[in-house]
Number of protein chains: 2
Amino acid sequence: MVESLQIQLKKGVLEMCVLALLSKGDNYAYDIASRMAEAVGMGEGTIYPLMRRMQNDGLVSTYLQESGSGPPRKYYKLTKSGAQALKSQISDWQTFETAVRKILGDVT
Amino acid sequence: MVESLQIQLKKGVLEMCVLALLSKGDNYAYDIASRMAEAVGMGEGTIYPLMRRMQNDGLVSTYLQESGSGPPRKYYKLTKSGAQALKSQISDWQTFETAVRKILGDVT
DNA sequence: AATAGTATCTTGCAAGACAAGGTACCGTGT
DNA sequence: ACACGGTACCTTGTCTTGCAAGATACTATT
């Protein structure tokens with residue numbers, strides 16, 4: 001285990017989940033937030049800064065599309081770099097998960 | 001999933017791991033930090049504030065013991081409240097882990 | 001005496017999750 | 001016409017917290 005917890009937890013899990021969702025198809029922030037809210041309780045206020053960060057990091061690109069219900073949606077699309085990051089983060093996550101399971105050990 | 005990510009990640013994993021270690025026997029911060037550093041890359045500067053927090057929350061109690069090598073060690077011992085918290089946090093962790101696995105889905 | 005290891009703790013910083021609020025567009029009901 | 005609720009975007013301020021770096025102090029070895 002080389003990386004610090006920061007990478008595993010702080011920069012990590014949310015971004016990884018969003019990348020995973022996008023890997024199944026382009027999507028817009030509001031919908032991503034809804035899914036994540038249901039799954040892991042993430043608030044809507046969290047997603048927009050996160051998406052901007054990911055765009056700055058070159059993990060996603062965006063395009064606008066009219067929706068007919070409300071303002072136009074800003075769709076996010078995984079870049080090659082994003083797909084690569086996803087793979088790497090999944091690997092990190094699994095390593096971390098294994099380490100935690102080992103610490104919990106027979107307490108579980 | 002009711003609780004926010006805050007509980008799952010921020011307040012969560014490190015504290016849970018420390019509680020799990022203590023559930024296998026009293027220990028002192030320096031040794032806990034060493035084990036955690038090896039397992040999940042946690043820095044030493046993280047453990048002392050964390051232990052204080054946990055003591056304030058009534059999850060652990062402390063006692064001093066001479067060591068013969070260096071300053072006396074401050075041992076931490078799980079309280080009943082701490083043991084309860086551990087159980088609850090493990091349950092939360094497993095819920096979270098499952099949710100993440102579901103999001104990752106067949107990407108993995 | 002000097003170094004290295006053990007063990008305690010503090011300080012300052014940066015990242016980020018979230019609540020709360022703001023804007024704006026659309027359709028439905030009154 | 002108007003209010004409302006839903007969709008969808010985004011910003012601001014606060015609070016937590018993980019971490020690097022350093023301070024302290026005791027013991028044993030060189």
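Within every chain, numbering begins at 1; the chains are lettered A, B, ... in the order of the sequence lines, protein sequences first and strands thereafter. Note that these values count all heavy atoms, side chains included, but never hydrogens, waters or copies made by symmetry.
- A sub-4.0 Å separation between OP1 or OP2 of dC9(D) and a side-chain N or O of Tyr28(A) is absent.
- Ring pair Tyr75(B)/Tyr28(B) is perpendicular by interplanar angle, where above 60° counts as perpendicular and below 30° as parallel.
- Rounded to an integer number of Å, the gap from CG of Leu50(A) to C1' of dA15(C) is 12 Å.
- Nucleic acid contact for Gly43(B): sugar-phosphate only, since backbone atoms but no base atoms lie under 4.0 Å from a heavy atom of the residue.
- Classification of Glu66(B) and Arg73(B) as a salt-bridged pair fails, no side-chain N sitting under 4.0 Å from a carboxylate O.
- Remark: C1' of dG16(C) and CD of Glu15(A) are 12 Å apart, rounded to the nearest angstrom.
- Between the P atom of dA15(C) and the CG atom of Asp57(A) lies a distance of 12 Å, rounded to the nearest Å.
- Distance CE (Met51(B)) to P (dT8(C)): 10 Å, rounded to an integer number of Å.
- Looking at heavy atoms from C-beta onward, Arg101(A) lies in side-chain contact with Glu97(A) at the 4.5 angstrom threshold.
- Nearest-nucleotide positions on DNA chain C place Pro71(B) closer to the 5' end than the other of Tyr76(B) and Pro71(B).
- Proximity note for Glu44(A) (side chain, C-beta onward) versus dC10(D), dA17(C), dT8(C): the nearest is dC10(D).
- Distance CD1 (Ile32(B)) to C1' (dG18(D)): 17 Å, rounded to an integer number of Å.
- The side-chain heavy atoms of Leu86(B) and Glu15(B), taken from C-beta on, include no pair separated by under 4.5 Å.
- Distance, Tyr30(A) OH to dG5(D) P: 14 Å, rounded to whole Å.
- For the OP1/OP2 pair of dC9(D) and a distance below 4.0 Å, the side-chain nitrogens and oxygens of Tyr48(A) include at least one atom meeting the criterion.
- Side-chain atoms of Glu66(A) stay outside donor-acceptor range of the base of dC25(C), with no qualifying N/O pair under 3.5 Å.
- In this structure, CD1 of Ile47(B) is placed 10 Å from P of dG18(D), rounded to the nearest angstrom.
- A straight line from CZ of Arg73(A) to P of dC25(C) spans 16 Å, rounded to a whole angstrom.
- Between dC18(C), dT6(C), dA17(C), one nucleotide has an atom nearer to the side chain of Met42(A) than all others, and that is dC18(C).
- For Arg53(B), a side-chain nitrogen or oxygen approaches OP1 or OP2 of dG18(D) to under 4.0 Å.
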Val18(B) and Met54(B): side chain to side chain contact (heavy atoms under 4.5 Å, CB included), yes or no, with the steps? CA-CA 10 Å; Val18(B) 172; Met54(B) 288 170 59; 4.0 Å; yes
